[in-house]
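Being a predicted model, the structure only gives us computed values, none of them experimental.
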Amino acid sequence: MVSFVCNYCQDTLKKAKLDVHAQRCRNASFSCIDCGVDFEGASYRQHTSCITESEKYEGKSKPKKQQQKNKESKQNSAVPSRTSVSTVDQLTKKAQAIETDTQSENNASKSKKRKAVETTSNKSSKKASSAGWDSTNLPNDAVDALVSAITHVVQTQKSEKASFKTLKKQCLKLAVNHPKSKLSESEAKKSFKKAIFEALSTGKVALAKNQ
């Protein structure tokens with residue numbers, strides 16, 4: 001039931017008691033406690049309903065806020081189709097640009113490596129003619145020691161059709177049994193593939209075969 005307050009004496013009253021109070025308090029005028037509306041004379045009798053409790057404590061602006069949220073939700077729901085397409089296009093272009101840049105970087109890197117190998121090969125070619133197997137000295141590095149052994153074996157082998165297995169066995173034996181060698185057989189085996197690559201990339205093996 002709607003409650004009122006007397007603006008003159010500040011008594012709080014239910015609607016059913018307003019007429020009696022008005023006769024007793026001659027200067028009385030009433031205001032609705034829930035909605036705050038002032039009533040002159042007996043106009044309070046027409047005030048039969050008021051705002052709900054939720055509207056009272058949560059404020060009258062809630063419906064407007066809810067309408068605003070609904071409006072924004074509808075606007076946002078209409079945007080994704082355009083936004084998603086735009087995003088996909090941008091990602092596709094970005095991916096293509098990255099792929100192009102990566103390919104360019106890879107090509108540049110390969111070109112630099114090729115030039116470095118060629119430069120090293122040229123330098124090695126000049127020195128390789130005097131390079132041979134030294135029975136008194138051996139490089140401390142395992143790969144360098146094996147490269148020397150490989151170069152020597154290829155240079156001195158009787159047949160060019162010797163198997164890789166035979167070549168490997170001879171090189172390992174030569175490097176491990178050298179008087180200055182600190183290589184174990186297992187360490188030499190682990191380093192052999194790298195030594196083969198080193199010998200080929202620097203041109204030492206090719207030069208040895210031609211001598």
Side-chain angles (χ1 to χ4, degrees), residues 72-211:
E72 291 176 356
S73 178
K74 290 180 180 179
Q75 290 176 347
N76 292 335
S77 63
V79 171
S81 59
R82 295 194 300 271
T83 303
S84 59
V85 172
S86 177
T87 302
V88 170
D89 289 342
Q90 291 179 12
L91 291 176
T92 301
K93 291 180 180 179
K94 187 65 175 177
Q96 292 174 346
I98 292 174
E99 184 178 3
T100 301
D101 292 342
T102 302
Q103 290 177 350
S104 299
E105 290 177 359
N106 289 339
N107 292 337
S109 179
K110 289 179 180 178
S111 178
K112 288 181 180 179
K113 289 181 179 179
R114 192 181 301 111
K115 290 181 179 179
V117 170
E118 290 175 355
T119 302
T120 304
S121 179
N122 292 335
K123 290 180 179 179
S124 300
S125 297
K126 294 178 181 179
K127 296 180 180 180
S129 57
S130 60
W133 182 251
D134 190 340
S135 59
T136 58
N137 292 305
L138 188 71
N140 293 327
D141 183 76
V143 174
D144 291 341
L146 287 168
V147 169
S148 297
I150 293 168
T151 304
H152 178 70
V153 170
V154 172
Q155 184 178 0
T156 58
Q157 67 180 344
K158 295 179 179 180
S159 174
E160 294 184 359
K161 296 183 179 180
S163 67
F164 177 80
K165 184 176 181 180
T166 300
L167 174 66
K168 179 179 180 180
K169 184 176 180 180
Q170 292 175 352
C171 293
L172 293 176
K173 183 178 179 180
L174 195 63
V176 172
N177 293 334
H178 191 282
K180 299 290 184 179
S181 176
K182 296 181 180 180
L183 283 173
S184 63
E185 188 173 355
S186 60
E187 184 181 2
K189 287 181 179 179
K190 289 180 181 179
S191 303
F192 188 74
K193 288 185 178 180
K194 188 173 182 181
I196 286 289
F197 175 78
E198 180 72 16
L200 291 171
S201 64
T202 57
K204 290 183 179 180
V205 169
L207 182 62
K209 286 186 68 176
N210 293 331
Q211 288 180 344

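No donor-acceptor pair closer than 3.5 Å links the side chain of Ser191 to the backbone N or O of Val143. Distance alone, capped at 3.5 Å, places no donor-acceptor pair between the Ser181 side chain and the Asn177 backbone. Under a 3.5 Å cut-off, the side chain of Ser111 and the backbone N or O of Asn107 do not form any donor-acceptor pair.
Taking CD1 of Ile150 as the start and CG of Leu200 as the end, the distance is 8.0 Å to the nearest 0.5 Å. Here the NZ-OG distance, from Lys190 to Ser186, works out to 5.5 Å after rounding to the nearest 0.5 Å. Interatomic distance, Leu146 CG to Lys194 NZ, rounded to the nearest 0.5 Å: 11.5 Å.
Listed by first then second residue, pairs satisfying salt bridge (Lys or Arg N to Asp or Glu O under 4.0 Å) with a partner in residues 165-183 number zero, not counting sequence neighbours. Listed by first and then second residue, the salt bridge (Lys or Arg N to Asp or Glu O under 4.0 Å) pairs that reach into residues 98-109 come to none, sequence neighbours excluded.
Scanning both residues, Cys171 and Ala149, for their nearest heavy atoms gives O-CB, 3.7 Å. Considering every non-hydrogen atom in both Leu183 and Val176, the closest pair reads O-CG1, 3.9 Å. Nearest heavy-atom pair across Phe192 and Leu172 is CD1-CD2, 4.0 Å.
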Item to check | Glu185 and Lys189: CA distance, side-chain angles, deciding distance, salt bridge (charged side-chain N to carboxylate O under 4.0 Å, His left out) verdict | outcome: CA-CA 6 Å; Glu185 188 173 355; Lys189 287 181 179 179; 3.7 Å; yes
